[in-house]
Amino acid sequence: MIFVYGIKEHINPIKAQLSNVIHGCMQEVLGMPEGKRAHRFVPLDAEDFYFPDDRTSAYTVIEINMMQGRSKETQKALIKALFRQIEAEIGISPIDIEITLKEQPAHCWGFRGMTGDEARDLQYSVNV
């Protein structure tokens with residue numbers, strides 16, 4: 001599950017494009033299937049979104065929640081791909097992007113009536 005936070009006036013017009021870029025990076029680096037997209041956009045009023053003085057109104061926070069198992073190298077590759085592709089395709093400078101990967105053990109996930117460690121039909125590998 002991915003959460004994207006930003007100022008409403010900036011984030012709303014680019015939601016679909018940003019979702020496509022994020023998912024493309026997830027596919028490229030993590031091998032996620034096309035249909036595995038769970039993105040939540042949280043557009044905020046400017047007065048509700050405080051950020052560092054040396055950032056612009058394009059400042060965007062991306063939180064990625066995923067099951068534990070990806071190597072440090074894979075995690076770093078995902079972060080770098082996101083910085084690179086978001087800048088190339090949308091024009092947001094890496095200085096205005098903050099990315100946090102949050103991993104939880106599979107037993108802490110619940111979907112389709114089971115926990116993540118019970119799922120045997122995932123169409124992607126967690127251990128990459």
Side-chain angles (χ1 to χ4, degrees):
M1 174 134 355
I2 298 171
F3 294 92
V4 181
Y5 304 87
I7 294 177
K8 186 186 313 184
E9 290 78 19
H10 179 76
I11 205 83
N12 278 341
I14 62 168
K15 280 193 282 196
Q17 188 180 7
L18 188 53
S19 178
N20 288 336
V21 171
I22 292 169
H23 193 62
C25 290
M26 300 287 284
Q27 289 180 288
E28 174 189 331
V29 178
L30 302 182
M32 298 299 281
E34 175 61 36
K36 182 69 176 165
R37 188 185 307 219
H39 301 174
R40 309 295 185 262
F41 284 83
V42 184
L44 300 163
D45 291 324
E47 63 267 13
D48 294 327
F49 192 46
Y50 295 91
F51 50 85
D53 290 340
D54 59 346
R55 305 305 194 272
T56 72
S57 62
Y59 184 69
T60 303
V61 176
I62 302 169
E63 293 179 356
I64 300 173
N65 293 292
M66 55 189 181
M67 279 192 260
Q68 217 167 35
R70 278 76 176 196
S71 71
K72 177 176 146 181
E73 293 76 20
T74 298
Q75 293 173 7
K76 290 173 72 170
L78 176 60
I79 290 169
K80 290 177 181 184
L82 287 164
F83 282 137
R84 184 177 56 253
Q85 292 307 114
I86 291 170
E87 182 175 34
E89 297 184 37
I90 301 176
I92 301 174
S93 171
I95 192 74
D96 277 326
I97 302 168
E98 180 179 312
I99 301 166
T100 305
L101 302 182
K102 297 179 178 183
E103 284 193 321
Q104 302 86 22
H107 70 271
C108 292
W109 283 80
F111 49 85
R112 300 190 325 259
M114 67 185 98
T115 59
D117 61 336
E118 297 170 333
R120 302 286 178 253
D121 62 345
L122 297 178
Q123 298 175 3
Y124 56 93
S125 176
V126 173
N127 299 307
V128 293

Engineer: For the atom pair OG1 (T60) and CD (E98), what is the distance rounded to the nearest 0.5 Å?
Structural biologist: 10.5 Å

Engineer: Rounded to the nearest 0.5 Å, how far apart are CD of E89 and CD1 of I14?
Structural biologist: 12.0 Å

Engineer: Given the rule that I, L, V, M, F, W and Y join up when any side-chain heavy atoms are under 4.5 Å apart, are V4 and L44 in one cluster?
Structural biologist: no

Engineer: To the nearest 0.5 angstrom, please state how far the OG atom of S19 sits from the CE atom of M26.
Structural biologist: 10.5 Å

Engineer: Determine, using the 4.5 Å side-chain heavy-atom cutoff (strictly less than), whether M1 and Y5 are members of one ILVMFWY cluster.
Structural biologist: yes

Engineer: Report yes or no: do I86 and I11 belong to one cluster of Ile/Leu/Val/Met/Phe/Trp/Tyr joined by side chain heavy-atom distances under 4.5 Å?
Structural biologist: yes

Engineer: Between L18 and F83, is there shared hydrophobic-cluster membership here, with clusters defined by ILVMFWY side-chain heavy atoms closer than 4.5 Å?
Structural biologist: yes

Engineer: Looking at CD of E34 and CD of Q27, how far apart are the two atoms once the value is rounded to the nearest 0.5 Å?
Structural biologist: 4.5 Å

Engineer: Would R70 and E103 satisfy salt bridge (Lys or Arg N to Asp or Glu O under 4.0 Å), going step by step from the backbone distance to the final call?
Structural biologist: CA-CA 9 Å; R70 278 76 176 196; E103 284 193 321; 5.1 Å; no

Engineer: Given N12, which partner from the list K15, E9, H10, K8 fulfils the side chain to side chain donor-acceptor pair (under 3.5 Å) test?
Structural biologist: K15

Engineer: Taking side-chain contact (heavy atoms from CB on, under 4.5 Å) as the definition, give me every residue that meets it alongside L101, ordered by chain and number, with sequence neighbours left out.
Structural biologist: I64, M66, Q75, L78, I79, I99

Engineer: Side chains of F51 and D96: closer than 4.5 Å at any heavy-atom pair?
Structural biologist: no

Engineer: Say whether I97 and Y59 are linked into one hydrophobic cluster, either directly or through other cluster members, by side-chain heavy-atom distances under 4.5 angstrom.
Structural biologist: no

Engineer: From E118 CD over to F111 CZ, what is the distance, rounded to the nearest 0.5 angstrom?
Structural biologist: 9.0 Å

